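Reading through the structure tokens given below for one structure.
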Amino acid sequence: MFDVDDRDLLALGRDCCLNRNYAEALSVFRRAFQALAFEGGIAVHPEYLSHYGVALAASGRTNEGRRLCERSIQLEPYEPEHYLNLGLVHQMTGHRSAAFGALERGLAVRPDHPSLLAERRKLDRRRALPIPSLAREHLLNRCIAKLLSITGTHR
């Protein structure tokens, strides 16, 4: 079915996950893990564990997927993609605040990570600031937003 080396299957599975083709990713990862175990059981890089976790969660095995994502973070806490994958798993299970927290932790590691920023924007349901040039916590923004919310005219 595949004309790639068994070790390249891990990269292929990762690519499938990045394209959100989780069913194919799960199939590729399973084949890769079986082949690698047969070859002598090499240790799998945390990057692939994290993506495998997302694929498992998408197939309904959410607890197992979450554990793999959390384990990859323990092994490589400096890798923002692991936080992104954990956030995706939390989103799949409907835990919006946990997903937001995972994305925020990933952005603490790398504030300019485009995928983390995009996912956080999808989750962030806060309304537009009344005065965008001021911080969200600024007294004027808070007061005006509260008044607009009371009157029902906040966009």
Side-chain angles (χ1 to χ4, degrees), residues 7-33 43-155:
R7 295 172 200 275
D8 292 338
L9 286 173
L10 293 172
L12 181 61
R14 177 184 179 273
D15 291 341
C16 289
C17 273
L18 291 174
N19 292 321
R20 305 213 178 197
N21 186 354
Y22 299 122
E24 171 112 7
L26 190 58
S27 170
V28 170
F29 278 127
R30 284 184 177 152
R31 180 167 178 235
F33 293 149
V44 176
H45 194 275
E47 171 184 28
Y48 301 119
L49 284 180
S50 178
H51 288 289
Y52 182 51
V54 175
L56 282 173
S59 74
R61 296 168 57 190
T62 54
N63 285 333
E64 191 176 348
R66 180 186 43 77
R67 282 194 302 270
L68 287 176
C69 289
E70 289 171 345
R71 179 68 179 140
S72 67
I73 289 172
Q74 288 175 345
L75 295 170
E76 288 185 339
Y78 50 82
E79 181 57 51
E81 208 166 87
H82 299 328
Y83 297 97
L84 172 65
N85 288 336
L86 181 59
L88 292 173
V89 169
H90 283 308
Q91 285 180 54
M92 290 176 194
T93 60
H95 296 114
R96 205 173 151 272
S97 64
F100 199 81
L103 297 175
E104 286 294 312
R105 289 189 330 220
L107 286 168
V109 172
R110 185 164 161 220
D112 62 338
H113 192 277
S115 297
L116 283 168
L117 290 169
E119 284 301 316
R120 186 181 67 179
R121 266 193 302 280
K122 285 182 196 174
L123 280 180
D124 193 5
R125 296 190 181 205
R126 294 193 253 182
R127 295 180 175 147
L129 296 173
I131 306 172
S133 60
L134 297 176
R136 183 171 298 280
E137 299 80 27
H138 194 278
L139 182 63
L140 282 175
N141 266 338
R142 290 176 47 208
C143 290
I144 293 171
K146 205 168 269 199
L147 287 173
L148 292 173
S149 178
I150 290 169
T151 62
T153 57
H154 201 265
R155 50 192 149 124

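Just so you know, these numbers come straight off a predicted model, no measurement behind them.
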Residues two or more places apart in sequence or in another chain: which of them pass side-chain contact (heavy atoms from CB on, under 4.5 Å) with E70?
R66, L86

Can you tell me how far apart NE2 (H90) and CG (L88) are? Round to the nearest 0.5 Å.
10.5 Å

Checking the side chain of S50 only, and the main-chain atoms of E47 only, is there a donor and an acceptor separated by less than 3.5 Å?
no

Hey, what do you get for CG (D8) to CG (D15), rounding to the nearest 0.5 Å?
10.5 Å

Under a 4.5 Å cut-off applied to non-hydrogen side-chain atoms, are V89 and N85 in contact?
no

With the side chain counted from C-beta on, respond yes when H51 and L18 share a heavy-atom pair under 4.5 Å apart, and no when they do not.
yes

Which atom names give the shortest non-hydrogen contact between V28 and G13, and what distance separates them?
CG1-N, 3.5 Å

Hits for side-chain hydrogen bond (donor to acceptor under 3.5 Å, both in side chains) against R71, two or more places apart or cross-chain, chain-then-number order -> Q74

Hits for salt bridge (Lys or Arg N to Asp or Glu O under 4.0 Å) against E76, two or more places apart or cross-chain, chain-then-number order -> none

Residues 97-112, side-chain donor-acceptor partners within the protein, below 3.5 Å, at least two apart:
| unit_1 | atom_1 | unit_2 | atom_2 | d |
| --- | --- | --- | --- | --- |
| E104 | OE2 | R120 | NH1 | 3.0 |
| R110 | NE | D112 | OD1 | 3.1 |

If you round to the nearest 0.5 Å, how far is SG of C17 from OH of Y22?
6.5 Å

Residue pairs passing the side chain to side chain donor-acceptor pair (under 3.5 Å) test where at least one lies in residues 129-143, sequence neighbours excluded:
none

Closest non-hydrogen atoms of F29 and Y52, given as atom of the first, atom of the second and distance, are CB-CD1, 3.4 Å

Closest heavy-atom pair, H113 versus P80, reported as atoms and distance to 0.1 Å, is CD2-CG, 3.7 Å

Report the distance from atom OH of Y78 to atom CD1 of I73, rounding to the nearest 0.5 Å.
12.5 Å

L49 CG to H82 NE2 distance, which is reported to the nearest 0.5 Å
8.5 Å

Distance check, rounded to the nearest 0.5 Å: E119 atom CD versus Q91 atom CD?
5.0 Å

Going by the rule ring pair (Phe, Tyr, Trp, His ring centres under 6.0 Å), which residues pair with Y83 if we only count those two or more places apart in sequence or in a different chain?
none

